[in-house]
A.B. asks: 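Here you go, one structure.
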Amino acid sequence: MDISIFSLGQLDPASSQPMYLQIAENIAAGIRDRKIPPNAKLPPERQLAIHYGVSRTTAINTYRKLEEWDLVLTKIGSGTYVTGGSGEAAMLPMPWQQLLVPHLKGPLAGILRELLSADLSGKTISMATGTPDPTIYPATTFNDLLNCRNADLTNADLGHISTEGYLPLRTQLAALQNQKGGNATADNIAVVSGSQQGLYLLAKIFINPGDYVVVEAPTYLCAIPTFQAAGARILSLPAPGPLQLDLLEDYIIRHRPKLLYIMPTYQNPSGRTINLSERQALLALAAKHRLIIIEDDPYSDFHYDQQPPPSLKTLDSYGGVIYLSTFSKTLFPGLRIGWVVASEAVITRLALEKQYVDLHSANLSQWQLNEFLRRGSFAGHLDAIRGEYQKRRDATATALRRYCGDSLTFFVPAGGFYFWCKLTHPSATSRQLLQEATRLGVSFVPGEAFYSDREESRDFRLCFATNPSSVLQEGIKRLAKALSSLTKIWDDGARTVRRTSKPII
Ligand SMILES: Cc1ncc(COP(=O)(O)O)c(C=O)c1O
């Protein structure tokens, strides 16, 4: 075959698309346009490489790609041939990347990629994800429940149920809610497939593009993209520290935000709890301006010192608080059951919205959970895990003090899953620390993931729930090693910054 028909003109060595892919697309276009006829023998790889001025490996990869697209076939000992050239085989692959709606890219995407690649080895101690310890999931009880429920299940039970959720479970969730104060009925409850779905649906039903939403800074890392995807503009209310109600009121007057999203108890990531008088003051302000509050409360059952103050929902006298929680932390995340407590009008609208993505949450999970609650197994399970997580929290605090000393500051959370640490070196970044730490086999989430507007931060979140105390201790030793190997670099960095921070004029 005359190789000159492979045009060189469209190749761009400066493009981010690798050369082998550009050449493959170039040849594929020739095959599709029938300039390279079906069954034609293509030049050997060496000749192709010379023609395009690329390495032999690039030529090999080009033919591999064309084979992947079913456009060519390599016959060992004979050469590479264009396939039969049926319409189907000669088609170019679908350009999915160009067809997909662009995905919002925040700092989270890059960080998650780094964390995932770090954990591939399986040797990394993960203090990153906020998951409970799989070894203390109530798996045996749930297996037994599934077996016993199987015997009772009828065909009707396997059909559709109401979008708001399995009624006996909603009734029990209302009772659970009322034990802590309140007067919810099943009509005030919607079961959702994890509280993340609840948050997504609430964003959908309340936010119009351009609306303002107030979130804490830092806040739950998936909340920010959820609100932004609904078109919200984010206003940040600093946490931890005293609740800045003056700032909140300023936001309310200036921007009329649609809602405030807040985790008053053992906040993710900072571990902070808002005290009773601040809760009351917040509610008074919200009531004055009829501000919607979404109270996200996955962690209040994990109290290690004393009971936390009552939830905002319990204290709410103006009816503006929407409560959201989940069994992902207290039981296990694979159950995918969360719940929303709100006025009936909100629950009805939320259920309508849910139908577009999920006709209802899975029956089997709802039945199992209902049975688990009905048998009274939940309170005992909570007591047991609370004791264990308290030990882990204490072990983490001791190890941080012992191994990391002055390199970071933190406070011991009264509950929840997380330590929120701050690097003391002025030139430090938690992203740099993550890179070194993952090399040494421990991971965490750097602070910028929890803010809507930060590229860099000296904060980071350590989850102490997933691993037993001995593993946490080893993880923190590795963290300390990463810190000490970076301190010199940060010292040099600080000197460089001082040298270059002269006025430009
Ligand atoms: C504050 C907060 N909200 C929501 C979620 C989502 O939980 P689920 O697994 O129920 O979707 C999490 C999970 O980490 C969380 O920490």
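All ligand and atom numbering here is 1-based and tracks the order in the structure.
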A.B. asks: Looking only at side-chain N and O atoms, does Ser193 offer a donor or acceptor that is under 3.5 Å from a partner on Ser361?
C.D. replies: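 Yes, Ser193 and Ser361 have a side-chain donor paired with an acceptor closer than 3.5 Å.
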
A.B. asks: Has Ser365 got a side-chain atom pairing as donor or acceptor with Leu335's backbone, closer than 3.5 angstrom?
C.D. replies: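 Looks like yes, one N/O pair under 3.5 Å.
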
A.B. asks: Flag Tyr299 as yes when one of its N or O atoms lies below 3.5 Å from any N or O atom of ligand 1, and as no otherwise.
C.D. replies: yes

A.B. asks: Should Gln267 be listed as contacting ligand 1, given a heavy-atom distance under 4.0 Å as the test?
C.D. replies: no

A.B. asks: Go through ligand 1 atom by atom and flag the ones less than 4.0 Å from a non-hydrogen atom of Met263.
C.D. replies: 1 (C)

A.B. asks: Are the side chain of Arg458 and the backbone of Ala428 linked by a donor-acceptor contact shorter than 3.5 Å?
C.D. replies: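 A pair under 3.5 Å: no.
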
A.B. asks: Against heavy atoms of Asn268, which atoms of ligand 1 measure under 4.0 Å?
C.D. replies: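 Near Asn268, meaning under 4.0 Å from one of its heavy atoms, ligand 1 has 15 (C), 16 (O).
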
A.B. asks: Parallel, tilted or perpendicular, judged at 30° and 60°: which one describes the rings of His381 and Phe378?
C.D. replies: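 If you compare the ring of His381 with that of Phe378, the planes turn out parallel.
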
A.B. asks: I need the minimum non-hydrogen distance between Ile385 and Thr330, along with the two atoms involved.
C.D. replies: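 Closest approach of Ile385 to Thr330: CD1-O, 3.5 Å.
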
A.B. asks: Below a 4.0 angstrom heavy-atom separation, can you tell me which part of Phe327, side chain or backbone, both or neither, approaches ligand 1?
C.D. replies: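 Contact part for Phe327 vs ligand 1: neither.
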
A.B. asks: Give the numbers and elements of all ligand 1 atoms closer than 4.0 Å to a heavy atom of Ser328.
C.D. replies: 8 (P), 9 (O), 10 (O)

A.B. asks: In terms of atom number and element, which parts of ligand 1 are under 4.0 angstrom from non-hydrogen atoms of Asp296?
C.D. replies: 1 (C), 2 (C), 3 (N), 4 (C)

A.B. asks: For Phe372 and Phe142, take the angle between the two ring planes, folded into 0 to 90°, and tell me which bin it lands in: parallel under 30, tilted 30 to 60, perpendicular over 60.
C.D. replies: tilted

A.B. asks: What about Gln197: any of its N or O atoms under 3.5 Å from an N or O on ligand 1?
C.D. replies: no

A.B. asks: For ligand 1, which atoms sit closer than 4.0 Å to a heavy atom of Lys329?
C.D. replies: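 Reading through ligand 1 atom by atom, the close ones are 13 (C), 14 (O).
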
A.B. asks: By number and element, which atoms of ligand 1 are closer than 4.0 Å to a non-hydrogen atom of Arg336?
C.D. replies: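 Near Arg336, meaning under 4.0 Å from one of its heavy atoms, ligand 1 has 8 (P), 9 (O), 11 (O).
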
A.B. asks: Of all the atoms in ligand 1, which lie at a distance below 4.0 Å from a heavy atom belonging to Thr326?
C.D. replies: 8 (P), 10 (O)

A.B. asks: Heavy atoms only: which of Pro269, Pro298, Ser195, Cys222 lies closest to atom 7 (O) of ligand 1?
C.D. replies: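 Residue with the shortest heavy-atom distance to the ligand atom: Ser195.
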
